[in-house]
Amino acid sequence: MPKQTKNTPKKTRAPAPAEKAGVGTSGEKKKRGGECQYANKVKPYLADIERYVRCGVTEGQICEFYKVGKTQWAEYKKKYPELTETLYKAKKALQTDLINKSFEVAMGYDYIETTTVEYKDKEGNVTGSKTTTYKRHAKADGNMIQFLLINRFSDEYARDPQAIELRKKALELAERGVIPPDQTEGV
């Protein structure tokens, strides 16, 4: 066998035309790892993923937990509508839960508090216990009331009503084409 130098090209086998096109020798398309990875890493856990998202876990945290790259996760969301639908439903449920809890905190709510007291003898052994249940009331939270009024009913309760009016006018002008849409930022 002749010795190769830096200038002589290394001999390699040219791929068959079918291999170039991503088609196997039997004429069928080669499978890529994506579908198998989705079927193993994500699909069996859709119910768990929905529960996690509904509890406030981010998609980035889910990717880390299931060892799926963020780019691959984005491709799965495009390719598999059941994943996208699961994430959408879970985020909507989380949003609804948060809004309901915000209203509850703003208005005040009742809750039950349970305390247990253990009785010990001189040697430190537990001789008995007493559990007491109290019905408590959390007062209305003024800051949450203010937050909800400003963000849910901004027309009537905005901190700066003139700024909101200016934004509306700028958006109307941008829709009519009087001013470019990129100049409405910061208004």
Side-chain angles (χ1 to χ4, degrees), residues 31-165 167-168 185-187:
K31 286 189 176 181
R32 311 236 341 145
E35 187 174 328
C36 182
Q37 292 294 324
Y38 175 79
N40 292 334
K41 288 186 174 182
V42 179
K43 190 173 183 177
Y45 306 105
L46 284 176
D48 293 337
I49 290 170
E50 182 175 5
R51 192 174 72 244
Y52 297 147
V53 171
R54 191 170 178 165
C55 292
V57 177
T58 65
E59 287 186 41
Q61 292 169 325
I62 291 172
C63 289
E64 284 180 32
F65 183 76
Y66 288 106
K67 296 179 177 49
V68 176
K70 291 180 182 178
T71 305
Q72 190 66 45
W73 184 262
E75 289 179 23
Y76 290 161
K77 285 176 20 180
K78 288 178 187 174
K79 191 172 181 181
Y80 302 103
E82 69 264 15
L83 175 61
T84 307
E85 186 177 321
T86 298
L87 293 170
Y88 177 78
K89 286 188 334 187
K91 287 177 183 178
K92 277 298 186 187
L94 172 63
Q95 181 183 18
T96 302
D97 292 346
L98 288 172
I99 290 170
N100 290 339
K101 193 63 173 177
S102 299
F103 278 110
E104 188 177 321
V105 168
M107 303 304 290
Y109 58 95
D110 294 324
Y111 64 98
I112 295 176
E113 183 179 295
T114 305
T115 58
T116 303
V117 178
E118 292 183 343
Y119 299 106
K120 297 181 181 182
D121 60 11
K122 292 179 183 180
E123 297 170 0
N125 298 325
V126 177
T127 58
S129 64
K130 180 180 178 185
T131 302
T132 310
T133 304
Y134 299 99
K135 185 175 181 182
R136 304 277 187 193
H137 180 77
K139 294 180 181 178
D141 186 344
N143 291 330
M144 185 58 75
I145 293 171
Q146 181 181 13
F147 175 81
L148 289 171
L149 286 173
I150 289 170
N151 289 291
R152 292 298 229 164
F153 308 103
S154 59
D155 291 341
E156 297 112 56
Y157 298 100
R159 291 182 184 177
D160 190 2
Q162 292 85 11
I164 291 177
E165 199 59 39
R167 283 188 199 123
K168 286 181 182 178
E185 288 184 29
V187 177

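Count residues from 1 along the sequence.
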Of all the heavy-atom pairs spanning [X] and [Y], show the shortest one and how long it is.
X	Y	answer
S102	L148	O-CD1, 3.7 Å
T127	K120	OG1-N, 4.1 Å
A140	I145	CB-CD1, 4.3 Å
G69	C63	O-SG, 4.4 Å
Q61	G56	OE1-O, 4.5 Å

Measuring from [X]:[atom1] to [Y]:[atom2], what's the distance to the nearest 0.5 Å?
X	Y	atom1	atom2	answer
Y111	Y134	OH	OH	12.5 Å
Q146	D141	CD	CG	10.0 Å
E59	L83	CD	CG	7.5 Å
K168	E165	NZ	CD	5.5 Å
E82	L87	CD	CG	10.5 Å

- Task: Step by step, work out the side chain to side chain contact (heavy atoms under 4.5 Å, CB included) result for Y38 and E75.
- Result: CA-CA 10 Å; Y38 175 79; E75 289 179 23; over 6 Å; no
- So I49 and V42, side chain to side chain contact (heavy atoms under 4.5 Å, CB included) or not? Walk me through it. CA-CA 8 Å; I49 290 170; V42 179; 4.0 Å; yes
- Query: Is a donor on one side and an acceptor on the other found under 3.5 Å between the side chain of T114 and the backbone of T133?
  - Reply: no
- For F65 and V57, what are the C-alpha separation, side-chain angles and deciding distance, and is it a side chain to side chain contact (heavy atoms under 4.5 Å, CB included)? CA-CA 11 Å; F65 183 76; V57 177; over 6 Å; no
- Can you name the residues that form a salt bridge (Lys or Arg N to Asp or Glu O under 4.0 Å) with E118, not counting sequence neighbours?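 Scan of E118 (salt bridge (Lys or Arg N to Asp or Glu O under 4.0 Å), adjacent residues dropped) gives none.
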- In chain order, what residues pass the side chain to side chain contact (heavy atoms under 4.5 Å, CB included) check against F147, with sequence neighbours excluded?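 Applying side chain to side chain contact (heavy atoms under 4.5 Å, CB included) to F147 gives M144, N151.
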- Message: Please determine whether a side-chain nitrogen of the Lys or Arg among K101 and E104 lies less than 4.0 Å from a carboxylate oxygen of the Asp or Glu.
- Response: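 Yes, charged N to carboxylate O under 4.0 Å.
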- With sequence neighbours excluded, give me every side-chain hydrogen bond (donor to acceptor under 3.5 Å, both in side chains) pair touching residues 43-54. D48-R51, R54-D97
